[in-house]
Visitor: 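Here you go, one structure.
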Amino acid sequence: MSDGRYGLRSRGTGRLDPTGASRVLINELRAVDFLLTAYDDPPPAMTVLVDNLSALRWLHRWQSGAVADMPAGYSLRRRRWADRPTLVRLAEQVSRRPDLSFQHVKAHSGHALNEAADGLSHMARRRVGESFDVRPRARALAEAFLRDWHASLIH
């Protein structure tokens with residue numbers, strides 16, 4: 001995030017997860033949930049950059065009140081680890097936050113924050129199957145991209 005926070009949570013896919021394009025979409029939306037739950041209270045008028053157009057459409061749909069709608073293949077079955085499925089919780093949160101702004105940023109186009117998010121997601125995925133202390137690498141990556149991002153705002 002442009003304020004210097006970054007997350008490196010990861011999760012493997014489960015038996016309730018769909019396959020193919022739906023899996024990608026659902027994981028993109030879960031990333032937005034990770035972002036919004038990183039704060040006790042997400043800042044007002046926050047702008048969330050999203051590089052997946054399908055995810056962007058779902059966020060706008062939920063923000064307009066269609067919270068019962070879910071992506072194809074997403075299971076609404078009760079989870080052992082949570083009172084509600086992640087995307088149900090996200091849809092409800094987004095619908096209550098008209099001050100949130102969701103904007104598209106083209107992936108792999110050199111946008112500093114998007115490139116940082118991509119690098120961090122690769123580290124998080126690697127950490128699922130390998131044991132290593134990713135924190136120093138993640139911190140250094142986030143700080144480097146933030147320096148670039150903040151420098152680009154000055155020019």
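It should be emphasised that the depicted structure is a prediction, and the values quoted were computed from it without experimental measurement. This chain uses plain numbering: 1 for the first residue, then up along the sequence.
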Visitor: For the hydrophobic clusters of this structure (ILVMFWY residues joined by side-chain heavy atoms under 4.5 Å, transitively), does one cluster hold both Ile26 and Val67?
Guide: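 No: no chain of side-chain contacts under 4.5 Å links Ile26 to Val67.
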Visitor: Knowing that exactly one of Leu100, Leu90, Asn52 qualifies, which makes a side chain to side chain contact (heavy atoms under 4.5 Å, CB included) with Leu59?
Guide: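 The residue from Leu100, Leu90, Asn52 that satisfies side chain to side chain contact (heavy atoms under 4.5 Å, CB included) with Leu59 turns out to be Leu90.
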Visitor: Check the pair His104, Leu49 against side-chain contact (heavy atoms from CB on, under 4.5 Å), reporting the backbone distance first and the verdict last.
Guide: CA-CA 6 Å; His104 180 252; Leu49 303 176; over 6 Å; no
Visitor: So which atom in Ala55 and which in Val50 form the shortest heavy-atom distance, rounded to 0.1 Å?
Guide: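 So the two residues come closest at CB-CG1, 4.0 Å.
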Visitor: Any side-chain hydrogen bond (donor to acceptor under 3.5 Å, both in side chains) involving residues 89-100? Give me the pairs, sequence neighbours left out, ordered by first then second residue.
Guide: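 Only Asp33-Arg89, Arg84-Glu92, Arg97-Asp99 qualify under side-chain hydrogen bond (donor to acceptor under 3.5 Å, both in side chains).
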Visitor: Nearest 0.5 Å, what's the CG-CZ distance between Leu120 and Arg137?
Guide: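 With rounding to 0.5 Å, CG (Leu120) is 12.0 Å from CZ (Arg137).
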Visitor: Run the side-chain contact (heavy atoms from CB on, under 4.5 Å) check on Met70 and Val88 step by step: do they pass?
Guide: CA-CA 8 Å; Met70 290 290 140; Val88 171; 4.1 Å; yes
Visitor: When rounded to the nearest 0.5 angstrom, what distance separates CD in Glu28 from CG in Leu53?
Guide: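 Answer for the CD-CG pair, Glu28 versus Leu53, is 10.5 Å.
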Visitor: Measuring from atom CE of Met46 to atom CG of Asp41, what distance do you get when rounded to the nearest 0.5 angstrom?
Guide: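 Rounded to the nearest 0.5 Å, the CE-CG separation comes to 11.5 Å.
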Visitor: Can you see which heavy atom on Pro71 is nearest to which on Leu29, and at what distance?
Guide: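 Nearest pair, atom of Pro71 first, then Leu29: CG-CD1, 4.0 Å.
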Visitor: Does anything in residues 58-67 form a side-chain hydrogen bond (donor to acceptor under 3.5 Å, both in side chains)? List the pairs, not counting sequence neighbours.
Guide: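 side-chain hydrogen bond (donor to acceptor under 3.5 Å, both in side chains) check on residues 58-67 returns Arg61-Asp69.
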Visitor: Return the minimal non-hydrogen interatomic distance between Ala107 and Asp51, and the atom names on each side.
Guide: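 Closest approach of Ala107 to Asp51, heavy atoms only: CB-OD2, 3.5 Å.
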Visitor: Among residues at least two apart in sequence or on other chains, which ones pass side-chain contact (heavy atoms from CB on, under 4.5 Å) with Glu115?
Guide: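 By the side-chain contact (heavy atoms from CB on, under 4.5 Å) rule, Glu115 matches His108, Phe145.
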Visitor: Over all heavy atoms of both residues, which pair between Tyr74 and Leu87 is shortest? Give the atoms and the distance, please.
Guide: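 Heavy atoms only, the tightest pair is OH-N, 3.1 Å.
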